[in-house]
Amino acid sequence: MKKKKMFCLLTGVALCYTLSATEPQKNVADNCMNNRYPLVRKPLMELPLGSIKPQGWLKEMLIRQKSGASGRMDELYPLVMGKRNGWLGGDGDQWERGPYWIDGLLPLAYILDDKELKDKVQPWIEWALQSQREDGFFGPATDYPGEAGLQRDNSHDWWPRMVMLKILQQYYSATQDQRVVTFMSEYFRYQLNTLPQKPLGHWSGWAEFRACDNLQVVYWLYNITGESFLLELGHLLHQQSFSFVDMVNRGDLRRICTIHCVNLAQGIKEPIIYFQQDLDRKYIDAVKSAFQDIRQFHGQPQGMYGGDEALHGNKPTQGSELCAAVELMYSLEKMVEITGDIDFADHLERIAFNALPTQISDDFMTKQYFQQPNQVMVTRHRRNFDQDHEGTDIAFGTLTGYPCCFSNMHQGWPKFTQHLWYATPDNGIAALTYSPSEVSTQVGNDVSVVISEDTYYPMDDLICFTVKEVKNKAKQVEFPFHLRIPKWCKRAEILVNGKVEQEVEGGRMAIINRIWKRNDKVELRLPMEVSTSTWYENAVAIERGPLVYALKLAENWEKKELKDSWYGSHYYQVTSSEPWNYGLVDFDRNRVNEIAKVSINSQKQQSDFPWNPENAPIEIKMKARLIPTWELYNEMAGPQPFSFCNGAEGEEREITLIPYGCTTLRISEFPIVGK
């Protein structure tokens, strides 16, 4: 069948679909498939796992993951990740934590093409495939008595199987192992037969909130096999899942303690996942409204929201959970694929470049369960969070806070890498989020190409693409190259082989359709201006491009013992002797780009690891005054002073801000004070 070309301009509010497909619409890339009718056609299609390779600082991040906890969980957390794990056939932990680890380790292994990591993944894959019964059920099937530190009951729960389905989907993408297709088909028949008697909430409520991870794999399999029962199962899963549409309509996101923070991050994509089968605009509108409510009532500058663990408002000392960060990133990656909505891609970068780097240590060995936008002491102390785990919630450690994040943090950077590039229905390629990388795919009329992306983004505004290889006799190929222009960019400039190709306003997709040959170069310039955003108590955050900036504070790291604790044997506290209680001196918000003094260290900009105070390549100087009445409370920045009502004293002084993702201690929401 001749492939149908689709040309559309995607913006943050406009969606364009072609609904005429009657069979799975394969892009020329193997295993790169659009939706089969009657599912809605997608404007973007995920590439096979391993097609996208990280470079520069992103490669360094994944290498640190391999050397750190991601590659060593079986050594660092043997109680759960060792041979006794139920997902290896043992009598130990058999719920979410083991699958969580593999959900991040598998894409890491195949993106790095690392045999050692693949060898760690494979036993989990083999046991899951071989555990399938004749009726289609798979996984642990025996409940055991309680044992400290392990989750040994609820062996039949639907929820951990949803994580394993994601793992097997990724495994198929990387290997094309046909056993996965048969396995999935048999399990989904089991689900269709069993869910009416034992619905998603039969064993626990987690599956009701997180059914979208099950649902998206059902649609993925339907696109491969075309089995009609899968659409029936899709309807059933949606009917039994928690209704995020109803949640928005009730105004639940305008109040506190209405939903678990990770359930929100993971489940918010369900209406858009289901929209592929039921083309009612209400599903997309509900998600857009949800993000508006989250921003207004719980939002934080780094792209997350107060949720520690329940949804908990927008005070800048409320915690944001690491699991919520990596799950919201994955949700945004899938939602942008289905809608092409640039808002989702912008939001994804905000989390990836601000929230994620700060919450995991540089060596990828420890993490914070919660982070705070205004975080001036990282200590063991009971704070005003919804949950408390012996006061370890913001301390850096392995099991501090709660072990779920130590198990689940591994998916963040690998899946971000996997979703830097997408195939497009017009047989082109799209760069949706930006980081140093290289993609190998097929474009045009089945022509293999390799395109490199050389950049220090987000620490620089220049992104350079080079067509490194064109693998056909003619050594050239015609295809459209799609580039996202973020909304924060007023006007981007695109050069092809040194000549200005076009200038494009922010919030749009630029498309360059031409005949490409080896060594053709595209330069994308995204001018970054300093801007402000307003938060709790009229506090102001300073932003530039995709980065939020925060007060630079000297950090003193100390290792502390934990005795007789389920939260690890030790943790790290971080303190500073420098003052933090500054208010920014009032300024004209319309002239902040002139008032703020930006300095860039080009040597640090080229660092393979810019994500700490020492290596931060960009500084912004602002005028500030101390607010003596803004004091420590409960080992946190005390109640946020309302702007202009805060008793600032002393002379103006210049303070230094650095990217939020480079900080551990910080103020990112500043009160405004008089001159």
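Summarising the local packing, CD of Gln178 is surrounded by more than 12 heavy atoms from other residues, nucleotides or ligands at distances under 6.0 Å. With a 6.0 Å radius and a threshold of 12 heavy atoms from other residues, nucleotides or ligands, Lys415 has its NZ atom above the threshold. Within a 6.0 Å sphere centred on CD of Glu232, heavy atoms belonging to other residues, nucleotides or ligands number 12 at most. Around CH2 of Trp566, the count of heavy atoms belonging to other residues, nucleotides or ligands within 6.0 Å does not exceed 12. Within a 6.0 Å sphere centred on CD of Glu561, heavy atoms belonging to other residues, nucleotides or ligands number 12 at most.
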Note to self: Go through it in stages, so that I can follow the logic: the residues are Tyr222 and Phe188, the test is ring-ring contact (aromatic ring centres under 6.0 Å, His included), and I'd like the CA-CA distance, side-chain angles, deciding distance and then a yes or no.
What the structure shows: CA-CA 11 Å; Tyr222 173 75; Phe188 289 146; over 10 Å; no
Check: Should Leu39 and Leu231 be marked as a side chain to side chain contact (heavy atoms under 4.5 Å, CB included) after you check the CA-CA gap, both sets of side-chain angles, and the distance that decides it?
Finding: CA-CA 9 Å; Leu39 301 182; Leu231 298 180; 3.9 Å; yes
Next item on the list: Carefully, step by step, assess Lys59 and Ser437 under the rule side chain to side chain donor-acceptor pair (under 3.5 Å).
Entry: CA-CA 8 Å; Lys59 182 176 181 180; Ser437 61; over 6 Å; no
Next item on the list: Carefully, step by step, assess Arg189 and Glu227 under the rule salt bridge (Lys or Arg N to Asp or Glu O under 4.0 Å).
Entry: CA-CA 10 Å; Arg189 289 185 186 279; Glu227 295 173 295; 3.2 Å; yes
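Using a 3.5 Å distance cut-off with no hydrogens or angles, the side chains of Asp393 and Gln387 do not pair a donor with an acceptor. Glu558 and Gln573 share a side-chain donor-acceptor pair at under 3.5 Å. At a cut-off of 3.5 Å, with distance as the only test, no side-chain donor of Glu96 or Asn408 sits close to an acceptor on the other residue. Side-chain atoms of Gln371 and Tyr660 include a donor-acceptor pair closer than 3.5 Å. With no hydrogens or angles considered, no side-chain donor-acceptor pair links Thr258 and Arg250 at under 3.5 Å. In this model, no donor atom of one side chain and acceptor atom of the other lie less than 3.5 Å apart for Asn154 and Trp95. With 3.5 Å as the limit, one finds no donor-acceptor pair spanning the side chains of Asn263 and Glu208. In this model, a donor atom of one side chain and an acceptor atom of the other lie less than 3.5 Å apart for Asn214 and Gln191. There is no side-chain donor-acceptor pair under 3.5 Å between Gln300 and Gln372. Between Asn354 and Glu349, the side chains place no donor N or O within less than 3.5 Å of an acceptor N or O (distance only, hydrogens not considered). For the residue pair Glu46 / His419, a side-chain donor-acceptor distance below 3.5 Å is found, with atom types taken as modelled. With no hydrogens or angles considered, a side-chain donor-acceptor pair links Gln277 and Tyr219 at under 3.5 Å. Checked by atom type, the side-chain pair Glu333/Gln418 shows no donor-acceptor distance below 3.5 Å. The closest side-chain donor-acceptor pair between Gln375 and Gln368 falls under 3.5 angstrom. A side-chain donor-acceptor contact under 3.5 Å links Tyr77 and Arg97.
Considering Lys120, Lys66, Lys53 in turn, Lys66 is the only one that fulfils the salt bridge (charged side-chain N to carboxylate O under 4.0 Å, His left out) rule with Asp114. Tyr190 pairs with exactly one of Phe137, Phe229, Phe183 by the ring pair (Phe, Tyr, Trp, His ring centres under 6.0 Å) rule, that one being Phe137.
No side-chain heavy atom of Cys405 sits less than 4.5 Å from a side-chain heavy atom of Gln359. Ile338 places none of its side-chain heavy atoms less than 4.5 Å from the side chain of Asn35. No side-chain heavy atom of Phe242 sits under 4.5 Å from any side-chain heavy atom of Cys212. No side-chain heavy atom of Val287 sits under 4.5 Å from any side-chain heavy atom of Phe275. Between Trp87 and Pro140 there is a side-chain heavy-atom pair separated by less than 4.5 Å. Between Leu168 and Ile125 there is a side-chain heavy-atom pair separated by less than 4.5 Å. Within the 4.5 Å cutoff, the side chain of Leu332 has heavy atoms near those of the Ile351 side chain.
Panel note: side chain Thr392, backbone Gly401; a donor-acceptor pair is recorded below 3.5 Å. Side-chain atoms of Asn374 never come within 3.5 Å of backbone atoms of Thr317 as a donor-acceptor pair (strictly under, hydrogens ignored). Ser173 places a side-chain N or O within 3.5 Å of a backbone atom of Leu49 that can act as its donor or acceptor partner. Judged by distance alone, the side chain of Asn314 and the main-chain N or O of Gly299 form no donor-acceptor pair under 3.5 Å. Between the side chain of Asn634 and the main chain of Arg382, a donor-acceptor pair closer than 3.5 Å is present. Gln170 contributes a side-chain N or O that, together with a main-chain N or O of Lys166, makes up a donor-acceptor pair within less than 3.5 Å. Checked by atom type and distance alone, the side chain of Arg383 pairs as donor or acceptor with a backbone atom of His381 at under 3.5 Å. Counting only distance, with no hydrogens or angles, the side chain of Tyr571 and the backbone of Ile394 share no donor-acceptor pair below 3.5 Å. At distances below 3.5 Å, at least one donor-acceptor pair connects side-chain atoms of Asp93 with backbone N or O atoms of Gln151. Panel note: side chain Ser131, backbone Phe138; no donor-acceptor pair is recorded below 3.5 Å.
Going from atom OH of Tyr305 over to atom CD1 of Ile294 covers 6.0 Å, rounded to the nearest 0.5 Å. Remark: Tyr402 OH to Tyr369 OH distance equals 7.5 Å, nearest 0.5 Å. Leu311 contributes atom CG, which lies 6.5 Å from atom CG of Leu253 (distance to the nearest 0.5 angstrom). Atom NZ in Lys334 sits 5.5 Å away from atom CD in Gln216 (nearest 0.5 Å). Between Met365 atom CE and Tyr572 atom OH the span is 8.0 Å, to the nearest 0.5 Å. A distance of 7.5 Å separates OG1 of Thr142 from NE2 of His156, quoted to the nearest 0.5 Å.
His238 and Tyr283 have perpendicular rings, their planes meeting at more than 60° on a 0 to 90° scale where under 30° would count as parallel. In this pair, Phe291 and His347 present their aromatic rings perpendicular. The plane angle is above 60°, beyond the 30 to 60° band.
Between Tyr274 and Phe244, the ring centre distance reaches or exceeds 6.0 Å. With ring centers used as reference points, Phe370 lies 6.0 Å or more from His312. A ring-centre distance under 6.0 Å is found for Tyr172 and Trp220. Aromatic ring centroids of Trp159 and Trp203 lie 6.0 Å or more apart. For Trp206 and His260, the ring centers are positioned less than 6.0 Å apart.
Tyr422 does not carry Lys42 over the face of its six-membered ring by the limits of under 6.0 Å from the centre and within 45° of the normal. By the 6.0 Å and 45° rule, Arg64 stacks over the aromatic ring of Phe609.
Under the 4.0 Å criterion applied to side-chain N and carboxylate O atoms, Asp213 and Lys269 are assigned as salt-bridge partners.
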